[in-house]
Amino acid sequence: MKNILVTGGAGFIGSAFARMMINRYPDYNIIVYDKLTYAGNLDNLLPIKDNPRYAFVLGDIADRETVRRTIEEHEIDAIVNFAAETHVDRSILDPDAFVKTDVIGTYILLDEAKKAGIERFLQVSTDEVYGSIEEGFFREGDPLEPNSPYAASKAGGEMLVRAYHVTYGLPTLVTRGSNTFGPYQYPEKLAPFFITEAIDDRPLPLYGDGMQVRDWLYVEDHADAIDLVLHKGVPGEVYNVAGEHEMHNIEVTRLILKLLGKPESLITFVADRPGHDRRYALNCDKLKALGWERKHSFEEAMAATVKWYLENEWWWRKIKTGEYLEYYKKQYAERLRKARKGSS
Ligand code: NAD
Ligand code: TYD
């Protein structure tokens, strides 16, 4: 393997993976392929932008011609597909782009990978494809019961990955990661949204009773796991990637406020997300058997993340304008208004 196509590499986890791979493997070329949607951001790749082994291609994974040309021109050996629409709340407001990118885009990539005889195709998936689990932990062989349009689209993409392996023998791999946090995450997901809102003393809209449980995984540990599966994973197999740190949303929120020295009065309970999964939890023994172990504790990683947002306002302040504000209004204005009315 020499030339790796990182689709969605201008996003949060894909850019962490691209930065890590450039530094870790001096003989690899990293070609980032990204549509630069609202979530794609070339600032995430600034640390490697002048590296001669890094290249950027602007393109949609659902655009067959551009995918084909890129695979050919860069003599791609392996594809790691991070490209996706990723936010559950946006998928509830408008599922269209989710089906186009996460299902059809994945299909186009697979099809061009097959034609080009790619050595490895790694699909970055999510624990959300399993649905919610009240007790115990999901294992890789469990049935998929996705509940949001986001989760259903990711599950659809995965099923195509499976079919391309079983039917055409494409050497595919799938990772299913849990809730990931860290620097450079678009401030719509819980951690970066609440950190940046709290810095500005704004209300933190917690859905429902705040007692939903997520497993929290630091972005560097997630990127590390993807690297390991890419090199050591068995084609056709699926690997769960867990942070093995379950927390209620309210506890995560309290920790963020504590790290920032902000009052808990910023927490505002608002109307729940429809179809809100109560708990995600993964068993990741299969990944550990490949040799993976988490390098960061949750507390240390969350403290580093909060510090990063405090020190990098240049990165997030300009994002929280324009389209972001329109989305914020659609998602939160009415919820917050009702919450304020209820408490007065
Ligand atoms: P992100 O939203 O930060 O980044 C997604 C990237 O994909 C952006 O750069 C965007 O421009 C690009 N993109 C979107 N549509 C595209 C298209 N049609 N063609 C090319 N590029 C396109 O997402 P993220 O949080 O970094 O997630 C990356 C992957 O990891 C996704 O596949 C997601 O499902 C998966 N995942 C995320 C988490 C998490 O907690 N964030 C957890 C598990 C799995
Ligand atoms: P999120 O970061 O959107 O990830 P996911 O839905 O993929 O797990 O949300 C994490 C949890 O936080 C989830 O249970 C929903 C909840 N949440 C809120 O309570 N308020 C918010 O404003 C957001 C964005 C999320």
Side-chain angles (χ1 to χ4, degrees), residues 6-17 32-42 44-45 57-63 66-67 80-92 97-98 100-102 104-106 108-109 123-129 132 147-148 150-151 153-154 157-158 175-182 184-194 197 203-217 219 222-223 226 240-241 243 247-250 252-253 267-273 275-280 282 328 331-332 335-336:
V6 181
T7 53
F12 165 49
I13 311 172
S15 67
F17 179 77
V32 168
Y33 182 98
D34 200 292
K35 187 180 175 183
L36 296 182
T37 66
Y38 78 92
N41 186 349
L42 288 176
N44 300 0
L45 295 159
V57 178
L58 179 65
D60 186 332
I61 57 165
D63 171 0
T66 313
V67 168
V80 184
N81 181 28
F82 292 90
E85 289 292 333
T86 61
H87 192 37
V88 173
D89 291 322
R90 288 185 191 251
S91 83
I92 295 169
F98 289 76
K100 284 189 180 132
T101 290
D102 304 11
I104 298 171
T106 301
I108 299 280
L109 267 187
Q123 174 74 359
V124 180
S125 192
T126 164
D127 59 358
E128 305 198 23
V129 295
S132 192
N147 292 319
S148 69
Y150 163 63
S153 305
K154 290 295 291 184
E158 260 202 52
T175 55
R176 294 186 185 138
S178 58
N179 277 63
T180 306
F181 67 99
Y184 299 101
Q185 186 172 27
Y186 190 89
E188 64 186 354
K189 308 279 164 54
L190 181 99
F193 176 46
F194 281 9
E197 290 293 274
L204 309 187
L206 205 51
Y207 296 149
D209 60 2
M211 292 302 283
Q212 303 81 6
V213 174
R214 295 293 182 266
D215 173 63
W216 293 91
L217 172 65
V219 65
H222 195 163
I226 292 169
N240 286 344
V241 187
M247 270 179 107
H248 291 108
N249 290 341
I250 191 152
V252 178
T253 309
I267 297 175
T268 308
F269 290 95
V270 299
D272 208 349
R273 168 191 281 177
H276 199 168
D277 285 332
R278 198 70 183 162
R279 175 172 175 263
Y280 297 143
L282 294 176
Y328 179 91
Q331 183 62 20
Y332 297 108
R335 277 189 164 87
L336 285 167

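Just the heavy atoms: all of them, side chains too, but no hydrogens, waters or symmetry mates, feed the values below. Start at 1 and go down the list; that is how both ligands and their atoms are numbered. Sequential numbering from 1 along the given sequence is applied to the chain's residues. Quantities reported herein were computed from a predicted structural model and do not represent experimental measurements.
- Within ligand 1, the atoms closer than 4.0 Å to a non-hydrogen atom of Ala83 are 7 (O), 20 (C), 21 (N), 22 (C), numbered from 1 in the order shown.
- If you number the atoms of ligand 1 from 1 as listed, the ones under 4.0 Å from a heavy atom of Phe82 come out as 28 (C), 29 (C), 31 (C), 32 (O).
- Heavy atoms of Tyr184 found under 4.0 angstrom from ligand 1: none, in either backbone or side chain.
- When hydrogens are left out, the protein atom nearest atom 9 (O) of ligand 1 is Asp34 OD2, 2.6 Å; that is the closest non-hydrogen contact.
- When each atom of ligand 1 is checked for a heavy atom of Ala84 under 4.0 Å away, the hits are 5 (C), 7 (O), 14 (C), 31 (C), 32 (O).
- The single protein non-hydrogen atom nearest to atom 40 (O) of ligand 1 is Thr180 N, 2.9 Å, given as residue, atom name and distance.
- For the pair Val213 and His248, the minimum side-chain heavy-atom distance is below 4.5 Å.
- For Arg278 and Asp209, the salt-bridge test passes: some basic side-chain N is under 4.0 Å from an acidic carboxylate O.
- Selection from Tyr150, Phe17, Tyr33 by nearest heavy atom to atom 34 (O) of ligand 1 gives Tyr150.
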Ligand 2: which protein N/O atoms lie under 3.5 Å from its N/O atoms?
from, atom 1, to, atom 2, distance (Å)
ligand 2, 2 (O), Leu190, N, 2.8
ligand 2, 3 (O), Arg273, NH2, 3.0
ligand 2, 4 (O), Asn179, ND2, 3.3
ligand 2, 6 (O), Arg273, NH1, 2.5
ligand 2, 6 (O), Arg273, NH2, 3.3
ligand 2, 7 (O), Glu128, OE2, 2.3
ligand 2, 8 (O), Asn179, OD1, 3.4
ligand 2, 8 (O), Asn179, ND2, 2.9
ligand 2, 8 (O), Arg214, NE, 2.7
ligand 2, 12 (O), Asn249, ND2, 3.3
ligand 2, 14 (O), Arg214, NH2, 3.2
ligand 2, 14 (O), Asn249, ND2, 2.8
ligand 2, 14 (O), His276, NE2, 2.7
ligand 2, 19 (O), Tyr207, N, 2.8
ligand 2, 20 (N), Pro205, O, 2.8
ligand 2, 22 (O), Pro205, O, 3.3
ligand 2, 22 (O), Tyr332, OH, 2.7

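- Heavy-atom contacts of Lys154 reach the following atoms of ligand 1: 31 (C), 32 (O), 33 (C), 34 (O) (cutoff under 4.0 Å).
- Ligand-side atoms of ligand 1 in range of Ser125: 43 (C), 44 (C), range being under 4.0 angstrom from any heavy atom.
- Using bins of under 30°, 30° to 60° and over 60° for the plane-to-plane angle, the ring pair His276/Tyr207 lands in the perpendicular bin.
- Protein heavy atom in closest approach to atom 35 (C) of ligand 1: Val124 CG1, 3.9 Å.
- Proximity to Asp60 (heavy-atom distance under 4.0 Å) selects the following atoms of ligand 1: 17 (C), 18 (N), 19 (N).
- Nearest protein heavy-atom contact of atom 6 (C) of ligand 1 is Gly8 O, 3.7 Å.
- Under the salt bridge (Lys or Arg N to Asp or Glu O under 4.0 Å) criterion, Glu188 pairs with Arg90, not counting sequence neighbours.
- The proximity of Ser178 to ligand 1, defined as any non-hydrogen pair under 4.0 Å, is limited to the backbone.
- For the residue pair Asn81/Thr7, the side-chain donor-acceptor check at 3.5 Å is satisfied.
- Residues forming a salt bridge (Lys or Arg N to Asp or Glu O under 4.0 Å) with Lys189 (at least two apart in sequence, or on another chain): none.
- Annotation: side chain of Phe269 is in contact with side chain of Ile250 (closest heavy-atom distance under 4.5 Å).
- Within the model, atoms CZ of Phe98 and OG1 of Thr86 stand 6.5 Å from one another, a figure rounded to the nearest 0.5 Å.
- With ligand atoms numbered from 1 in the order given, ligand 1 contributes 11 (O) to contacts under 4.0 Å with heavy atoms of Leu36.
- Looking only at distances, a side-chain donor or acceptor of Lys154 sits under 3.5 Å from a matching main-chain atom of Val124.
- The closest side-chain heavy-atom distance from Tyr33 to Ile61 is below 4.5 Å.
- In terms of N/O distances under 3.5 Å, ligand 1 is approached by Thr101.
- Listed by atom number, the atoms of ligand 1 under 4.0 Å from Asn179 heavy atoms are 40 (O).
- At least one side-chain heavy atom of Ser125 sits under 4.5 Å from a side-chain heavy atom of Glu158.
- Among all protein heavy atoms, the one lying closest to atom 3 (O) of ligand 1 is Phe12 N, 3.0 Å.
- Contact annotation: the side chain of Tyr332 never approaches that of Glu197 to less than 4.5 Å [non-hydrogen atoms, C-beta and beyond].
- Here the heavy atom of the protein found nearest to atom 21 (N) of ligand 1 is Lys35 N, 3.1 Å.
- For Phe181, the closest heavy-atom approach to ligand 1 does not fall below 4.0 Å.
- The residue Ala62 has no part lying near ligand 1, judged by heavy-atom distances below 4.0 Å.
- Taking atom 2 (O) of ligand 1 as the reference point, the nearest protein heavy-atom neighbour is Thr86 OG1, 2.7 Å.
- Here the two rings, on Phe194 and Phe181, have centers that are 6.0 Å apart or farther.
- Asp60 pairs by the salt bridge (Lys or Arg N to Asp or Glu O under 4.0 Å) definition with Lys35, not counting sequence neighbours.
- Side-chain contact check for Tyr280 and Glu128: at least one donor-acceptor pair (N or O, by modelled atom type) lies under 3.5 Å.
- Contact between Asn179 and Asp127 at its shortest, heavy atoms only, is N-OD2, 4.2 Å.
- Residue contact check for ligand 1: Ser15 places no non-hydrogen atom closer than 4.0 Å to it.
- Ranking the protein heavy atoms by distance from atom 38 (C) of ligand 1 puts Ile13 CD1, 3.7 Å first.
- For Ser153 and Asp102, the side-chain atoms include no donor-acceptor pair closer than 3.5 Å.
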